[in-house]
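I have placed the structure first, in the form of structure tokens, so that the comments after it can refer back to it.
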Protein chains: 2
Amino acid sequence: MPAPVTAPIGVVLARTAKTAGRAFDQALAAAGGSQPVWQILISLKTTAVANQRELADAVGIQGATLTHHLNGMEAAGLVTRRRDPGNRRVHLVELTEAGEQLFHRLASAAIAHDQRLRKGLSDAEIAQLADLLQRLAANVADT
Amino acid sequence: MPAPVTAPIGVVLARTAKTAGRAFDQALAAAGGSQPVWQILISLKTTAVANQRELADAVGIQGATLTHHLNGMEAAGLVTRRRDPGNRRVHLVELTEAGEQLFHRLASAAIAHDQRLRKGLSDAEIAQLADLLQRLAANVADT
DNA sequence: TATTGTTATACTCTATAACTATA
DNA sequence: TATAGTTATAGAGTATAACAATA
């Protein structure tokens, strides 16, 4: 029998990510957020970042791009920035109460999105998918 | 033993797609293209589209967005647009010789990118990954 | 001088609304 | 009126280069 003809895995990956990403965009927007804001919030909550450079790395964007988003988030009352007394070059980014609340709303939206994505797939399949994706990503890391 | 703790599959998917997509961007740019241009070229070459609306659907963008890209591609000498004599509302999009050549260059880049992505994964694993991704995408289709 | 972050500017992709041409 | 496509405009996300503040 002939080998099955499949689309290039990069194409399948890109198409799936586009579809899933748009659905996630809508879910986040309905909860008052966006993907960059969600990435920044989750990094602030779950990672101990020493400065904005590390925060930008955690989110996967440039420092100036992070500043752009933090400006918007500060204007929206989600975060505050103040200088680190121990090293006044460093700006400490902290969540406000509104930022905490948005984080929880977006977390709920993200969980609901994930449950929707996982529908029809077993835990073992999800675990294998995650493993395969991580191995794929490792092949193109730090380009 | 406790269940393994994995990041939400949506997060893994988004992160992998971002990493792989950026690597693909660079590969296409080095070959003189971009992802939208590549999607349009491959759709023109492999799908029988009756009009620009169908082409836009195949690429996954709006008609006006397609026009934007076709304007650039026409200015770059990659495609021509002429009216269909049988229905002059329809604009027939055709590849020029330069468009054909760019298609082949980008196809080579895409193949190389895919081989890089697949490194270390067996054909069976790739097939299963594609299957899992397609089932994931089906869960959020036509949002 | 080196490090941290911001400002200024611009580019790409995308979208919606209003419009033109054709049927 | 309905369909195919374009134009005008705008917004989100990203980036680089130049700059200011601090060490």
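Below, chains carry the letters A, B, ... as their sequence lines are ordered, and counting in each starts from 1.
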In whole angstroms, the gap separating P of dT6(D) from CG of L55(B) amounts to 11 Å

Atom CH2 of W38(A) and atom P of dG13(D) are separated, to the nearest Å, by 16 Å

Between CG of L66(A) and P of dG13(D) the distance, given in whole Å, is 13 Å

One should read off an interatomic distance between E100(B) CD and E97(B) CD, to the nearest 0.5 angstrom, of 6.5 Å

Atom CG of L70(B) and atom C1' of dG5(D) are separated, to the nearest Å, by 10 Å

Going 5' to 3' through nucleotides 13-23 of chain C and flagging B where a protein heavy-atom sits under 4.0 Å of the base, S where only the sugar-phosphate is that close, and - otherwise, we get SBBBB---SBS

When rounded to whole Å, the CD to P distance for the pair Q26(B) and dA15(D) reads 11 Å

R81(A) atom CZ is separated from dG5(C) atom P, nearest whole Å, by 10 Å

Minimal heavy-atom distance between E54(B) and V49(B), with the atoms involved, is OE1-CA, 3.6 Å

May I ask you to decide whether D84(A) forms a salt bridge with R88(A), counting only side-chain N to carboxylate O separations under 4.0 Å? no

Atom CG of L28(A) and atom C1' of dA12(D) are separated, to the nearest Å, by 14 Å

Is a side-chain N or O of E125(B) found less than 3.5 angstrom from the main chain of S122(B), in a donor-acceptor match? yes

Next on the checklist: At less than 4.0 Å, is any side-chain N or O atom of N71(A) found next to OP1 or OP2 of dG5(C)? Yes or no.
Outcome noted: no

Between CZ of R53(B) and C1' of dT6(D) the distance, given in whole Å, is 14 Å

Hydrophobic cluster membership, I126(B) vs L13(A), 4.5 Å side-chain cutoff
yes

Sequence neighbours excluded, the answer for side chain to side chain contact (heavy atoms under 4.5 Å, CB included) partners of Q35(A) is F24(A), D25(A), L28(A)

